[in-house]
Q: 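One structure, pasted below without further comment.
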Amino acid sequence: MTRRERSEPTEDAGHEAGTPVLAAGLGNVLFDVWLVSRAATALIDAAVKPAGLDADEFAIYSVLASAPGLTPTELARWMAAPPTTVSSYIKRFERRGHVRRAAHPEDRRSYRVHLTAAGAAAHQAAGERFLPRLQEVTRLLGRGGPDTHRRLRVLHEALATLNESGERQI
């Protein structure tokens, strides 16, 4: 039986053979997102590990590669992470020689983080290992792929709104 056949809807929609059935109370969008996040992280970790990065690092390098430098505050917002976490990442990447700090042109108290040539090379090597996994996931999603991507972006925007405003009272 192929992976595609096992993932077809059954009586227990969303249940894959060999995976325990979850209690009904766990069937909510945030728990499902957590499950997907863990599975995606494991998949990306395995793909990019030989290039010397993990999934989180690959994501951060990807953002840095696509931007003309970001401040730690911008990275923290993008990552939905506390400033101390961002600071640890930046220090780790600096020790590797993968990022450099540049003075912020408008705010002398801040700086922008840029990938170095070595950081760009590490990102490229990881990306070459990541791309076949992305293509496989895209293939497995089939025609539903673009809609899945759109819905995840909408969910991300909703979660970012809640995170930016703090705990909302309903």
Side-chain angles (χ1 to χ4, degrees), residues 3-4 6-7 14-16 18-20 22 26-101 111-142 144-164:
R3 177 178 283 182
R4 181 74 176 165
R6 279 187 277 128
S7 65
H15 181 260
E16 189 163 327
T19 305
L22 299 173
L26 292 177
N28 64 71
V29 69
L30 291 178
F31 187 77
D32 289 346
V33 168
W34 178 79
L35 288 173
V36 169
S37 172
R38 299 291 298 172
T41 297
L43 182 75
I44 297 168
D45 275 344
V48 302
K49 182 179 180 181
L53 301 179
D54 66 25
D56 287 342
E57 294 168 340
F58 177 64
I60 296 165
Y61 281 38
S62 295
V63 169
L64 291 172
S66 70
L70 294 172
T71 66
T73 300
E74 290 166 334
L75 273 175
R77 189 174 305 120
W78 176 81
M79 294 169 60
T84 54
T85 299
V86 173
S87 178
S88 320
Y89 274 111
I90 292 170
K91 287 176 185 171
R92 182 179 337 145
F93 300 162
E94 283 178 318
R95 284 192 299 273
R96 292 178 186 166
H98 287 182
V99 299
R100 66 177 172 77
R101 297 177 192 215
Y111 58 92
R112 292 194 175 279
V113 180
H114 300 270
L115 281 180
T116 62
H123 177 253
Q124 176 71 29
E128 289 170 2
R129 297 179 151 288
F130 165 77
L131 190 57
R133 304 306 345 219
L134 174 61
Q135 291 168 336
E136 182 68 7
V137 168
T138 301
R139 184 186 70 74
L140 290 170
L141 287 172
D147 189 51
T148 300
H149 187 220
R150 183 188 61 75
R151 288 173 184 259
L152 286 170
R153 303 250 345 201
V154 169
L155 177 60
H156 180 256
E157 288 175 23
L159 295 173
T161 298
L162 289 172
N163 284 332
E164 287 174 5

Q: Do you know which two heavy atoms are closest between A122 and Y61, and how far apart they sit?
A: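 Taking every non-hydrogen atom into account, CB-CE2, 4.2 Å.
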
Q: Could you pull out the closest heavy-atom pair between D56 and D54, with the gap in Å?
A: N-OD1, 3.1 Å

Q: Are any side-chain N or O atoms of S87 and backbone N or O atoms of P83, one a donor and one an acceptor, separated by less than 3.5 Å?
A: no

Q: With sequence neighbours excluded, give me every salt bridge (charged side-chain N to carboxylate O under 4.0 Å, His left out) pair touching residues 149-158.
A: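 Counting only pairs at least two positions apart or across chains, the salt bridge (charged side-chain N to carboxylate O under 4.0 Å, His left out) contacts touching residues 149-158 are D147-R150, D147-R151.
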
Q: Return the minimal non-hydrogen interatomic distance between F31 and N28, and the atom names on each side.
A: N-OD1, 2.8 Å

Q: Looking at side-chain heavy atoms only, is the closest gap between L159 and L30 below 4.5 Å?
A: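 When only atoms from C-beta onward are counted, L30 and L159 do touch, with a gap below 4.5 Å.
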
Q: Looking only at heavy atoms, what is the nearest atom pair of A46 and P50, with distance?
A: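 Residues A46 and P50, closest heavy atoms: O-CD, 3.7 Å.
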
Q: Classify the ring geometry between F58 and H123 as parallel (under 30°), tilted (30 to 60°) or perpendicular (over 60°).
A: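 The rings of F58 and H123 lie parallel, inter-plane angle below 30°.
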
Q: Between E74 and R77, is there a side-chain N and carboxylate O pair less than 4.0 Å apart?
A: no

Q: State the OG1-CE distance between T85 and M79, to the nearest 0.5 angstrom.
A: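 CE of M79 is found 6.5 Å from OG1 of T85.
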
Q: Considering only heavy atoms from C-beta outward, does the side chain of V113 approach that of V86 to under 4.5 Å?
A: no

Q: What residues form a ring-ring contact (aromatic ring centres under 6.0 Å, His included) with Y89, not counting sequence neighbours?
A: F93

Q: With the side chain counted from C-beta on, respond yes when P72 and Y111 share a heavy-atom pair under 4.5 Å apart, and no when they do not.
A: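 Answer yes - side chains close enough.
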
Q: Restricting to non-hydrogen atoms, name the atom on L53 and the atom on A126 that form the minimum distance, rounded to 0.1 Å.
A: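 That closest heavy-atom pairing would be CD1-CB, 3.9 Å.
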
Q: Give a yes or no on whether a salt bridge exists between E57 and R96, defined as a side-chain N under 4.0 angstrom from a carboxylate O.
A: yes

Q: Test L64 against H114 for side-chain contact (heavy atoms from CB on, under 4.5 Å), laying out the working first.
A: CA-CA 6 Å; L64 291 172; H114 300 270; over 6 Å; no

Q: Do you know the tightest heavy-atom contact between A125 and A51?
A: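 For A125 and A51, the tightest heavy-atom pair comes out as C-CB, 3.8 Å.
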
Q: Checking side-chain contact (heavy atoms from CB on, under 4.5 Å) for the pair K49/R129: CA distance, chi angles, key distance, verdict?
A: CA-CA 9 Å; K49 182 179 180 181; R129 297 179 151 288; over 6 Å; no

Q: Quick one: do W78 and L70 satisfy side-chain contact (heavy atoms from CB on, under 4.5 Å)? Show the steps, please.
A: CA-CA 10 Å; W78 176 81; L70 294 172; 5.8 Å; no

Q: Does T116 use its side chain to pair, donor to acceptor, with the backbone of G97 at less than 3.5 Å?
A: yes

Q: Quick one: list whatever passes side-chain contact (heavy atoms from CB on, under 4.5 Å) with T41, sequence neighbours left out.
A: S37, D45, A55

Q: Take R133 and E136 through the test salt bridge (Lys or Arg N to Asp or Glu O under 4.0 Å) and record every step on the way to the result.
A: CA-CA 5 Å; R133 304 306 345 219; E136 182 68 7; 5.8 Å; no

